[in-house]
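Fair warning: this is a prediction, and the values are worked out from it, not measured in the lab. Positions are given from 1 along the sequence.
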Amino acid sequence: MTPLPESLQLPARSRAQGTVALPGSKSISNRVLLLSALATGNTDVVGLLDSDDTRVMLQALARLGVKIEPAGEGVVRVEGTGGEFPVRQADLFLGNAGTAFRPLTAALAMMSDAGCEYRLAGVPRMHERPIGDLVDALRRAGCAVRYLETEGYPPLAIGANVRRGSIDAGPVVPIRGSVSSQFLSAFLMAMHLANPAPGVEVVGELISKPYVDITVNLMARFGVELLRDGARFACPQGAHYVSPGRIQVEGDASSASYFLAAGALAGGPVRVTGVGHASIQGDVQFAGALRQMGAQVTLGEDWIEAAPPAGAALKGITLDCNHIPDAAMTLAVLALFATGATTLTHIASWRVKETDRLAAMATELRKFGATVDEGVDFLRIVPPSQPVTPGTGIDTYDDHRIAMCFSLPSLRGIPVTINDPKCVAKTFPAYFDVFRGIAA
C-alpha cells in the first residue's frame, strides 16, 4: 500500500474501467467480531475488514480477555466466551468507531454485575456524537451507565460503582430510532445477556433500517432468532449465541458505491465483486439509484457492474435515501455531472456521523461551482453548466467517505487535491491505490 501524503493530488483522468475485489464490510465485520466473542464455541471469520475501526474492536475485545488469533490466510479465529468477558475491569479507547462504541456499551452494560467496572472513551469527535437514546434504554432495562463529562454523550462509565437505573418501562423498553439505527442494533445484540431479557420497542421513525436488518440476520446466524411484532422486538428467554463455526464477511457495499459511480461516470464498465443481489447490506440498493440516474447496471449473486447511460448523460433525481445513508454521499458527487437538479432526502443522520456530513458535503460541492441548498434533512444540488476545478483542496473533516467520494470528479477531467487522505484508513486503507487501478 502506497504511503499517503498530507495532501493527495489526483490528476485529471478520462476513463474508469476494470474489476475491484471489495474489502470486507465494516458493519458486518464489527458485528461478527462481537457476536463471535459472545458466542459459545470458536468462530473462524473469513474476509474480515482490516481498517482502523475493526482494529479498535479487536483491541477492545482483547483487553476484555477474548482470545483472537490468525487461523490461515484471510481467516481470524475468535474464541467465544459464552456471554461473559473474562476481564471485569477495563478502560477502553474506541477511537471514532460507532460500530464498536455503541454495541460494546450495550453488551458491557447488560452483562455487568457487582464485580464489573468499565470506562469507554474515544476521540474528541466521538464525544460529540450522541448516545443518550441508547443509554436511556439501557438504564430503563436496569443497567448501570453514567456520563463522565457531558450528559447524553461519551465518555461513559459502566459498572457496580454506578447507581443502577430502575426498570420503569415494564418488560418492553422504548428506544428512539430517529437519530441512529446503531442504538437499536446495539440493544438487540446484547439484550439476551440480561436475565430476564427485556424487549424493546422503537419509538417514532426508525432511520437506516437496512442496518438493523443486517443485525437481525447476523444474530440468527449465531442462533438467536428475534421475535418481532411491528416496532417491537423480543428475545426468547434463555437464548444464547452459538458459533456457526465459520462465517464469511461480505464485501463492503458502501465502498462499492465509489467504483460503481466511477463506471457510470467515466466510460466503464467497472465491476465490483463481493456483493450482489444476495447481499444482506442495504447499500446494494445504490445500484437502483444509479439506474434511476440512467446508468447501465447489472447484478450477479456476488457482483455488480456499472457503465454510463447509453448515448446520454446522467440525469438528476429526487430520492429518499433512508435506505442508503452512506452511499447517498456518492450520489451527491455524481449530481455535479447530471442534467437537472438532484435532491437527496431523509439524510438527517449525516449530521451525527464522523463529521456533520450535510454541512461538509454542501461546502465541498460548492467548490465545483454547484448551487447547493442544505436543509435539516436534505441536500438539493443544482450542477453548474460546467464543473470547475476547485481553487482549494477538498477538505475531508477526518471523514473517510468524504475523501473517497470526492475522488470521482478527477475521472471527468478535473484535477482534485484531497486534503488529509489518510482518513480513508477508517474503512478502506488501500482506497487510493485501488482507485488508481481503474482510472485511465
Side-chain angles (χ1 to χ4, degrees), residues 25-27 98-99 102 129-134 175-186 188 201-216 230-231 252-258 260-261 279-293 295 297 314-336 338 340-365 370-383 397 399-402 404-405:
S25 160
K26 176 189 72 170
S27 297
T99 56
R102 280 76 177 265
R129 298 174 68 179
I131 199 170
D133 291 333
L134 175 59
I175 189 168
R176 286 203 310 154
S178 59
V179 174
S180 173
S181 65
Q182 287 183 5
F183 301 151
L184 176 60
S185 284
L188 293 177
E201 181 172 16
V202 180
V203 177
E205 180 184 21
L206 175 61
I207 64 169
S208 306
K209 180 180 174 293
Y211 286 98
V212 176
D213 294 337
I214 291 175
T215 300
V216 173
D252 191 274
S254 301
S255 295
S257 70
Y258 315 119
L260 295 174
S279 173
I280 64 173
Q281 298 171 74
D283 272 351
V284 294
Q285 298 178 62
F286 178 82
L290 276 186
R291 281 200 183 112
Q292 289 185 50
M293 296 186 82
V297 182
L314 294 170
K315 59 184 179 182
I317 60 174
T318 296
L319 186 69
D320 182 333
C321 297
N322 189 32
H323 56 300
I324 55 168
D326 288 340
M329 298 172 68
T330 312
L331 295 176
V333 176
L334 282 181
L336 291 170
T342 292
T343 302
L344 307 176
T345 67
H346 232 140
I347 53 175
S349 63
W350 283 14
R351 295 199 183 278
V352 295
K353 297 290 187 176
E354 284 79 351
T355 188
D356 181 343
R357 287 177 171 171
L358 265 166
M361 290 296 290
T363 297
E364 302 311 309
L365 288 165
T371 301
V372 184
D373 184 11
E374 173 195 342
V376 174
D377 69 345
F378 75 90
L379 277 184
R380 184 174 186 271
I381 304 112
V382 179
Y397 309 85
D399 190 322
H400 56 131
R401 300 215 178 277
I402 291 177
M404 291 187 280
C405 67

Closest non-hydrogen atom pair, D283 against P325: OD1-N, 4.3 Å
Just verifying a value: how many Å separate H400 NE2 and K26 NZ, rounded to the nearest 0.5 Å? 4.5 Å
Using atom types as modelled and distance alone, determine if a side-chain donor or acceptor of W350 lies under 3.5 Å from a backbone N or O of D356. no
Check the surroundings of atom CZ in R380: do more than 12 heavy atoms from other residues, nucleotides or ligands lie under 6.0 Å from it? no
Within a strict 4.5 Å, meaning less than it, do heavy atoms of the L290 and L334 side chains meet? yes
Closest non-hydrogen contact found for P383 with A338 is CG-O, 3.2 Å
So does A253 get a backbone contact from the side chain of Q281, meaning a donor-acceptor N/O pair under 3.5 Å? yes
Rounded distance (nearest 0.5 Å) linking atom CZ of F286 with atom OG of S254: 10.0 Å
Compare every heavy atom of V179 with every heavy atom of S349, then report the nearest pair and how far apart it is. CB-O, 4.0 Å
Look up atom CE in M293 and atom CD1 in I317, then write down how far apart they are to the nearest 0.5 Å. 5.5 Å
Could you check if a side-chain atom of Y258 sits within less than 4.5 angstrom of a side-chain atom of R401, using non-hydrogen atoms only? yes
In the structure I gave you, are the side-chain heavy atoms of L184 and L134 within less than 4.5 Å of one another anywhere? no
So T345 and D377, side chain to side chain contact (heavy atoms under 4.5 Å, CB included) or not? Walk me through it. CA-CA 6 Å; T345 67; D377 69 345; 5.6 Å; no
Do I324 and L319 come within less than 4.5 Å of each other through their side chains, counting heavy atoms only? yes
Measuring only between side-chain heavy atoms, which start at C-beta, is L358 closer than 4.5 Å to I347? yes
Would you name the heavy atoms of C405 and V333 that are closest together and state the gap between them? O-CG1, 3.5 Å
My understanding is that only residues two or more places apart in sequence, or in another chain, count here; which of them pass side chain to side chain donor-acceptor pair (under 3.5 Å) with T215? R31, S185
To the nearest 0.5 Å, tell me how far Q292 CD sits from L314 CG. 12.5 Å
Is the backbone N or O of A186 less than 3.5 Å from a side-chain atom of R102, with the two atoms forming a donor-acceptor pair by type? no
If you look only at pairs with a residue in residues 322-335, which of them pass as a side chain to side chain donor-acceptor pair (under 3.5 Å), with sequence neighbours excluded? Y211-D326, S257-T330, D326-R357
Between CG on residue L344 and CE on residue M361, distance to nearest 0.5 Å: 8.5 Å
Nearest heavy-atom approach of I207 to S180 is CD1-N, 3.9 Å
Main-chain N/O of V297 paired with R291 side-chain donor or acceptor, under 3.5 Å: yes
Do Y397 and T363 touch side chain to side chain, with heavy atoms closer than 4.5 Å? yes
Start with the C-alpha gap between V372 and L379, add the side-chain angles, then the distance that decides, and say whether side chain to side chain contact (heavy atoms under 4.5 Å, CB included) holds. CA-CA 7 Å; V372 184; L379 277 184; 3.8 Å; yes
Taken to the nearest 0.5 Å, the spacing of S178 OG from E205 CD works out to 7.5 Å
Contact between T342 and L331 at the side-chain level, heavy atoms closer than 4.5 Å - yes or no? no
Test side-chain hydrogen bond (donor to acceptor under 3.5 Å, both in side chains) on D399 and T355 and set out the steps. CA-CA 7 Å; D399 190 322; T355 188; 5.7 Å; no
Are D213 and I280 close enough, and set up right, to give a side chain to side chain contact (heavy atoms under 4.5 Å, CB included), and what steps lead you there? CA-CA 8 Å; D213 294 337; I280 64 173; over 6 Å; no
Is there side-chain contact between I175 and V203, with at least one heavy-atom pair below 4.5 Å? no
Who are the salt bridge (Lys or Arg N to Asp or Glu O under 4.0 Å) partners of E374, not counting sequence neighbours? R351
